[in-house]
Amino acid sequence: MDTTPDTAGGAARAAETGHARDFASVFDTPVTGRWSAPGRANLIGEHTDYNDGFVFPFAIDRRTVVTVGVRDDRLLRVASTFDESVHEISLDELDPARMDGWSAYVFGIAWALSIAPTHAASPSFAAAGGDLSTIDLSSVPGLDLFVTSDVPIGAGLSSSAALECSVAVAMTELWGLDVNRAALAAVGQLSENEAVGAPTGIMDQSASLLGQADSAVFLDCRSLDADVVDLGFDAAGLEILVVDTHVEHAHATGGYVERRTSCERGAEALGVSSLRDLDVDDLARAAEVLDDETFRRVRHVVTENQRVLDTVRTLRTEGAVAIGALLDASHVSMRDDFEISVPELDLAVSTAQAAGAVGARMTGGGFGGSAIALVRSADRDAVASAVTAAFAEAGFTAPTVFTVHPAEGARRDA
Ligand code: GLA
């Protein structure tokens, strides 16, 4: 979830003072290295991750970059272009109760790594593999970290996962921890759930850590088996347009928790451990057992899981142009059954479709954020203009419309 503050404030202040805030202007330690991790867009598979289901997100070419220096004490200090402060915590006092604001995304990773040995048997950690049981932070050095980012905040493109994952790859490398990427995604999720307090699934961190250029990550959120699937967008002359509606609903977190609870209630009433255990053939029985609202929530998750499987199969057999109808159907399901869309997202989707998009849907947690449209490169500008015009006509805040390319996941840059 996107709860980090806007990066624009810090950047604007730096511009006013004529001095760009950077690592050297804040810290005295020498720079040891630079790591980065991308935001993500989800091609399809929404609200399926915490139901043990399937997702198909990709890393985008917008990244969070963390420059790091190793200290000779046990302090973690973090600064950024987001605000004027330097936040700090001791590695000997890592505790989610002492973390708040955007620095919780950073300190939370250290905390989650520190408790990983006691969590090693939890289902996601066990499925992720990797030897989390041997992690020991008792003698690792403190770090100075400086964060910059061009992942838009509050747009539903996982600026939070980009921050967590850039920090996670830096910390594991500098502290010599042998943690594979799947396990690191589980560490990121634990941090977001407990240190930040957002009860999200494992999709965003997995996309940010496992993404590859022109590919998406087909992830089974139960086994955590991940398959990097070639999207073939470049060869097919296709692009993904993002429409950031700038709608941020105050009840987004509440709505997310409520949907999650409905899914758990539905699974319990149907006698399964998670909705992953149901398929489309089970829906007739579900309609008899569940109240109308819970049934529609369940139907979204069950049909969305099937759409992910169908999308991956269709991509492999028929190519990317053939997945459009599945993207469209996913949006209808989120709008009508899961009820997480908003008028701005619906307008972005219907306008993009009418202007020639191959397919379109809202992406991410919902209640605002962004829609994506799969478009032929030749139609990109016409689709973007049509969406902008439709928003003006409807009296909505002007959206930001831009192209994203499926990109490489977290890495060391220097
Ligand atoms: C947010 C969460 C993810 C996932 C999506 C919905 O982005 O962080 O874990 O649940 O919503 O698919």
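Remember, predicted model here, so these are calculated numbers, not experimental data. Every number for a ligand or one of its atoms is a count from 1 in the order of the listing.
Residue-ligand proximity, Asp49 to ligand 1, at heavy-atom distances under 4.0 Å covers atoms 3 (C), 4 (C), 9 (O), 10 (O). Here is the list of ligand 1 atoms found below 4.0 Å of a heavy atom in Met203: 4 (C), 5 (C), 12 (O). Close approach of ligand 1 to Gly201 (heavy-atom distance below 4.0 Å) involves ligand atoms 9 (O). Near Thr200, the atoms of ligand 1 lying under 4.0 angstrom from a non-hydrogen atom of the residue are 2 (C), 8 (O), 9 (O). Residue Arg40 approaches ligand 1 through these ligand atoms, each under 4.0 Å from one of its heavy atoms: 7 (O).
Ring geometry for His119 versus Phe125: interplanar angle of 30 to 60°, hence tilted. Aromatic ring orientation, Tyr256 versus His47: tilted (interplanar angle from 30° to 60°). Between Phe82 and Trp102, the ring planes are perpendicular. Angles over 60° get that label, and only those under 30° would be called parallel.
Inclusion of Glu46 in the set of residues having an N or O under 3.5 Å from an N or O of ligand 1 is warranted. The shortest N or O to N or O distance between Tyr50 and ligand 1 is not below 3.5 Å. An N or O contact shorter than 3.5 Å links His47 to ligand 1 by distance. Ligand 1 has a nitrogen or oxygen under 3.5 angstrom from a nitrogen or oxygen of Asp204.
The residues Arg313 and Glu318 are annotated as not salt-bridged, no charged nitrogen and carboxylate oxygen being separated by less than 4.0 angstrom.
At a heavy-atom cutoff of 4.0 Å, ligand 1 is contacted by no atom of Arg260, backbone or side chain.
Annotation: cation-pi geometry not satisfied between Arg259 and Tyr50 (NZ/CZ under 6.0 angstrom from ring centroid, within 45° of ring axis).
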For Arg285 and Glu288, what are the C-alpha separation, side-chain angles and deciding distance, and is it a salt bridge (Lys or Arg N to Asp or Glu O under 4.0 Å)?
-> CA-CA 5 Å; Arg285 178 172 69 93; Glu288 285 167 19; over 6 Å; no

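Proximity of Phe54 to Cys221: side-chain heavy atoms (C-beta onward) are nowhere separated by under 4.5 Å.
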